[in-house]
Engineer: 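Following this message is one structure expressed as structure tokens.
Below, read A as the first sequence line, B as the second, and so on, with proteins coming before strands; counting in each chain starts at 1. We use all heavy atoms of the structure for the numbers below, so side chains are in, but hydrogens, waters and symmetry mates are not.
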Amino acid sequence: MIEFLGVSKSFGNHKALEDANITIEDGTTIGIVGPNGAGKTTLIRLLCGILKPTEGQIVIDGKDLEKYPTDIKKIIGYLPEEPNLYERPKAGELLEYFGLLYGVPRGKVHERIDELLALVGLSDRKDWRVSSFSKGMRQRLAISRALIHDPKIIVLDEPTMGLDPLTSRRIRDFIKTLKKDKTIILCSHYMNEAEQLCDKIAIIDKGKIRAYDTVENLKKIYIKEKMFKVGLKNMKSEILDRISCDEKLKILERRENYIIIKAEDYKDLSYILKEEVIYFEDLTPSLEEVFIELVGSKND
Amino acid sequence: MVKWEISRLFKNRKFKIAFTLQLLVILLIIPLFGSYVRSLEEGGFFNLTIGGKGYIPIGVSSEENSLVDIISENDRFDILFLERERGLELLRSGRISALLILEEDFEIKIRSYRSSTVWIYIDEENPKSVSAYSELNTIVSGFKDGVIEARIRDLSIEDPEIELFTELPIGNGQEAIDQDMRQVEEEAPVEEELEVVERPSSIQDQIERTRETFEDERGGYIVLLVLLLPLFLSGGMLIDLLISEKERRTGEMLLALPTERQKIYYSKFISIGTIIFSQLLFWVLALYYFGRVSNPLIIFPLMVTAILLLSITGLIGIYSKNYKDSSLIVTVTFILLFIMLFGTSTLYVAGLKEIAAISPLSLVIAIESGTFSVREALVSILPSLGFSLGLIYLSKTLYKKDEFYFGPRPSISELTYEFAGKLRLSGILYSPYYIAFIFGFIAIFISIILEIFFGIITLYFIESVFVILFLWAAIEEFSKSIGVFSAAKYFPLKWYEGMLSGMASGFGFALLENIIFTVFTLNIFPEYALRIFVMRTFLSGGVHIVSTGIIGIGISERRYLIPAFILGIMIHFLYNITVLRGVL
Ligand SMILES: Nc1ncnc2c1ncn2[C@@H]1O[C@H](COP(=O)(O)OP(=O)(O)OP(=O)(O)O)[C@@H](O)[C@H]1O
Ligand SMILES: [Mg+2]
């Protein structure tokens, strides 16, 4: 279990993270979402022991990170925002270097390297120099470096940033395969990505954590009302009157062929749907739009 | 981790190139260096460029004395024993290149420590003659130093007046030889101003010793030049190791590793250290094998120098944001280091061993010439080693801070503030004084550098001691005021607090200055060290405290800033003049 207890981090006078309080259960996947400069990377670096908090405490498995940094760092695998790889060595050598530094036994390290390179699809590049790698390959190599010591906690800072949709997807699929028995903390600009992969999402903006909950709860909390666009075969005044009298429903727009209705829940619409429906669309905002609203309104 | 760092280094192309270049240079130097040393032994560097191989015929007025013995050991000279008149004739006609006239009773005078004059006549138009002059002059000066040293040993007389005339006679046009010679006669005589003594002396030993070390020390000096090459190079490599991690952001992964942060710094330090050590070991043994180094023990002072260099460059690497940043600091530091290390070892060769002893490189020369004592070794190793350890500790502490990898990099005064900013004793905030005090320490280094720099420039344009004394007073006061300014930046100071901060800064300055001064006197006149320390503490310490105290008032009450500075500097200047008067 990972606990942030009132963690703040300042650079000079600038507060990059303010009073963060979150708890991450073992085996869950957590998404950290926020705009540029929100403090995502700062939060993650604090978690990896790369930065030291100005205030507060980070406790992992009951141990204070500041007191037992080496013990804790051993169980964390970290993918930095930029791959930050040495250029000179060959892919295999690089992994060996980090494997040994992370304490993987010398006898096992090569086996582990082959296994990981196969997982990320770089087996044939083992003896290529890192400098010859493309961006996507570097990212995959960096992921395998993060996993070399089979860490319990995996921290990924924007794993799909700047990659083409196909590669992004491959990486997302790969993360899904990891999900089974690991704690994953994942940083992203994209709510969609977080929604797809994560059990819980923290929305962070200007150094403050605005929300931290499961995807469903977030939806429940922030998407109070749903919107539907419904077109009926005969837009009779009788049914429309009934809708406008219904307290649970509200007509936002009324056109010749369709109406847009706001409702708290889908089932409130049930009697309407018994009519002959020729058109139906769910206009409910996605979590992404909620996020933009949440973050955007405050930015203005 | 060290092992990995080393293997990574060996795979690094930049390193390979640097290493190969260095190897080539050193390999090239060995033969060159052999002939260089040989030519030094045989008779001067100048001959190599001007005279070529031939013998230089010189005339000497008397046969039987120790100076002529030394001269005749030099194979380059072909000595003719001549009367003065005959000699001048031959010199004019170019048959001999130089004429050395000694007093009849030269040997007796020297052995009883009386003054004797040596005249060297040369023909300025003749390049051979010029080179003969330089050679003879060096030998005579060396001889003179030896005599003075022997005298000091015999009598323990303090502080001899040493006057060296080592000007090269440079001709200007077609003047008559006769005239030239008169000119030389006026300028070049080397006089031994010695007092009469009756005691018998150990002069013969001293002469022997001087002659031997004279050659050896210069040999050792060249060894230094060669061996320092890898040292300076490796310093650059350490900076590269530290900064490339910042520039390419690869350091972030190192920080994420399950090791303590300072170990990353240590591993870099140790890996470069190991490389230097093996290189030095290799070169020293190789040179020893070829007979160019007489004692492989020189590896120890060289290692101390290497550690000093690495600890400095390591700190630079940690403090700099990027290469651009570091290259500036590195250039300045290397120049200073070069001046310090070589300056002192030059002093050593020039005979001022006591001052020079503080540089480990002097020990290299001393070991080479077989004239070192354990005390000398400690004096030259301990200060450097202590300083290095201090720097390493500082580097480690800074490296553990996030700011030195991720920025924003704190300034020195911010660091001092962080260190001393919350110091309270029974409810009263002492921080401003503490900050000023620490800056007093730093001010010493700033002012030494500025004083040397501006001192030389001023001397070049105006040869006035008073201007320099004033300049030094101003430089020292300005350096000390930095501490008060930075204390005032964090704490609003009332006038008396400003004064106290100024006094604290002056006190810190005076304290360190006295310690440094005392270390030197301890080495030269141990019996006076305590007295000098006490005297200086009260006199110069008092002046430093008062003058900067006044400036401190000006800094806290800005209206009086300029008058306070003027007053402070004047007090300091007057003190400087008084000291100078006292010495004269
Ligand atoms: N080393 C630093 N020095 C000064 N300010 C910093 C430093 N690192 C981060 N910051 C500031 O802290 C804030 C948070 O930065 P952080 O890198 O955590 O943002 P982020 O959410 O990861 O942004 P992005 O999505 O662009 O990666 C930013 O305002 C940034 O300017
Ligand atoms: Mg980021």
Side-chain angles (χ1 to χ4, degrees), chain A residues 9-14 16 41-42 44-54 65-66 68-90 93-104 106 129-131 142 145-146 148-149 151 153 155 157, chain B residues 1-17 240-264 266-268 271 321 397-411 413-415 417-418 421 489-490:
Chain A
K9 175 72 190 178
S10 309
F11 295 103
N13 296 323
H14 176 77
T41 304
T42 306
I44 274 192
R45 282 179 179 156
L46 285 165
L47 172 60
C48 295
I50 294 169
L51 290 176
K52 296 189 191 89
T54 323
L65 178 59
E66 247 182 297
Y68 306 95
T70 43
D71 289 358
I72 295 175
K73 282 166 159 184
K74 264 186 202 140
I75 57 165
I76 298 180
Y78 173 50
L79 172 77
E81 198 162 11
E82 294 150 42
N84 300 346
L85 301 164
Y86 294 113
E87 298 285 317
R88 295 289 302 164
K90 294 168 184 154
E93 291 170 347
L94 186 98
L95 292 180
E96 185 187 344
Y97 174 44
F98 279 96
L100 294 176
L101 287 178
Y102 269 109
V104 179
R106 195 171 281 277
R129 285 195 192 287
V130 175
S131 51
R145 177 188 60 185
I148 187 83
H149 53 302
I153 300 169
V155 180
D157 197 347
Chain B
M1 200 153 176
V2 173
K3 230 168 62 195
W4 264 100
E5 206 69 70
I6 292 178
S7 74
R8 243 186 64 215
L9 263 177
F10 276 106
K11 281 179 190 147
N12 186 318
R13 191 185 308 146
K14 228 186 294 174
F15 178 77
K16 276 187 210 153
I17 293 175
D240 187 65
L241 269 191
L242 286 164
I243 293 186
S244 73
E245 305 271 13
K246 290 190 204 183
E247 290 236 314
R248 300 201 199 117
R249 313 222 114 262
T250 44
E252 194 175 342
M253 272 319 295
L254 294 184
L255 297 181
L257 287 174
T259 46
E260 280 133 42
R261 205 176 274 199
Q262 64 267 30
K263 280 200 186 147
I264 300 170
Y266 289 150
S267 75
K268 291 185 188 301
S271 59
K321 268 183 276 194
T397 316
L398 293 185
Y399 198 71
K400 279 169 85 174
K401 294 174 75 66
D402 298 341
E403 287 86 345
F404 288 92
Y405 184 78
F406 293 101
R409 181 182 59 182
S411 67
S413 94
E414 276 162 350
L415 284 174
Y417 174 64
E418 197 187 309
K489 202 169 103 188
Y490 296 105

Engineer: Look up atom CD in B:E252 and atom CD1 in A:I50, then write down how far apart they are to the nearest 0.5 Å.
Structural biologist: 4.5 Å
Engineer: Could you look at A:I72 and say if it's the side chain, the backbone, both or neither that has a heavy atom under 4.5 Å from chain B?
Structural biologist: neither
Engineer: Non-hydrogen atoms of chain A under 4.5 Å away: do they reach the side chain of B:E245, the backbone, both or neither?
Structural biologist: side chain
Engineer: Please name all residues satisfying side chain to side chain donor-acceptor pair (under 3.5 Å) with A:E87, sequence neighbours left out, ordered by chain then number.
Structural biologist: A:R138
Engineer: Among residues at least two apart in sequence or on other chains, which ones pass ring-ring contact (aromatic ring centres under 6.0 Å, His included) with A:Y102?
Structural biologist: A:H149
Engineer: State plainly whether the residues B:R261 and B:D402 are in salt-bridge range, i.e. N to O under 4.0 Å.
Structural biologist: yes
Engineer: Please determine, among A:Y78, A:F11, A:Y86, the option with the most heavy-atom pairs under 4.5 Å with chain B.
Structural biologist: A:Y86
